[in-house]
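Proteins come first, then strands; the chains are lettered A, B, ... in the order of their sequence lines, and each starts at number 1.
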Amino acid sequence: SQQGEEDPQALSIQEGENATMNCSYKTSINNLQWYRQNSGRGLVHLILIRSNEREKHSGRLRVTLDTSKKSSSLLITASRAADTASYFCATSGTYKYIFGTGTRLKVLA
Amino acid sequence: DVKVTQSSRYLVKRTGEKVFLECVQDMDHENMFWYRQDPGLGLRLIYFSYDVKMKEKGDIPEGYSVSREKKERFSLILESASTNQTSMYLCASSPSGVAGPSYEQYFGPGTRLTVT
């Protein structure tokens, strides 16, 4: 079963707006990662946040992690049409990663 | 840059055929993974390998087998393809972590397999 569950399943915004996606998980983790997938392609790693970190930034991306609530959020600021993609969170356990079902983001020009 | 390549982008096979999906990575990563991706189900782990000749079952190994004879190559085998194995197959690799998977995964472009 999938550990990470993203919310919302789909999101449509105007270019320039911020997009926020959430991820909830069930068990303890080593780290949590966010990936982007453009239509019909492989996944691309965006950012990794370790279990002892609370917030991390990378360019227009901001990730938060709340281990007490077992949740994470991904904020994309000043969105662009090129940000249109599916976004997945992945949690890591002993050897493997567990992916959620993803949030489909559409940025309208 | 890390490069993960998959042998085919699109593949059409008939029910009962033996199917080989090949994945090669060029960064000397210890860990390699095979996932399948289906609408509404996200990515599900089929098998993974953390060293040459080593393999571990993932969440949905039934109907699949794998082979890792060389560090850079991880093959997924469908012994007798069935229509419910029609899916997008994604290969990934990552370095090994001291305490589990501490690093990002690098994905190939995917193989869209259709079994008719």
Which atoms of Q37(B) are under 4.5 Å from chain A, going by heavy atoms: the side chain, the backbone, both sets, or neither?
side chain

Above 12 or not: heavy atoms from other molecules or residues under 6.0 Å from CD of Q9(A)?
no

For R54(A), does the CZ atom have more than 12 heavy-atom neighbours from other residues, nucleotides or ligands under 6.0 Å away?
yes

Can you confirm whether Q37(A) sits close enough to F107(B) that some side-chain heavy atom of one is under 4.5 Å from a side-chain heavy atom of the other?
no

Cluster question for you: counting only ILVMFWY and a side-chain heavy-atom cut-off of under 4.5 Å, with indirect links fine, are Y47(B) and L90(B) together?
no

Are Y106(B) and M32(B) joined in one hydrophobic group, where the rule is that I, L, V, M, F, W and Y side chains link up if heavy atoms are under 4.5 Å apart?
no

Answer whether the closest heavy-atom distance between the side chains of R41(A) and M88(B) falls below 4.5 Å.
no

Atom pair CD (E104(B)) and CD1 (I47(A)), whose distance is rounded to the nearest 0.5 Å
11.0 Å

Same cluster for I46(B) and Y35(B) if Ile/Leu/Val/Met/Phe/Trp/Tyr side chains link at under 4.5 Å?
no

When clusters are formed by joining ILVMFWY residues with side-chain heavy atoms under 4.5 Å apart, either directly or through shared neighbours, do V66(B) and V19(B) land in the same one?
yes

Heavy-atom closest contact (Y103(B) atom, Y97(A) atom, distance)
O-OH, 2.5 Å

Please answer whether the main-chain N or O of Q105(B) pairs with a side-chain N or O of Y35(A) as donor and acceptor at a distance below 3.5 Å.
yes

Between L41(B) and T101(A), what is the shortest heavy-atom contact and its length?
C-CG2, 3.9 Å

Which atoms form the tightest heavy-atom contact between G42(B) and F88(A), and what is the distance?
CA-CE2, 4.5 Å

The reported gap from CD1 in I98(A) to CG in L43(B) (rounded to nearest 0.5 angstrom) is 12.0 Å

Shared ILVMFWY cluster between F33(B) and L78(B), side chains joined below 4.5 angstrom?
no

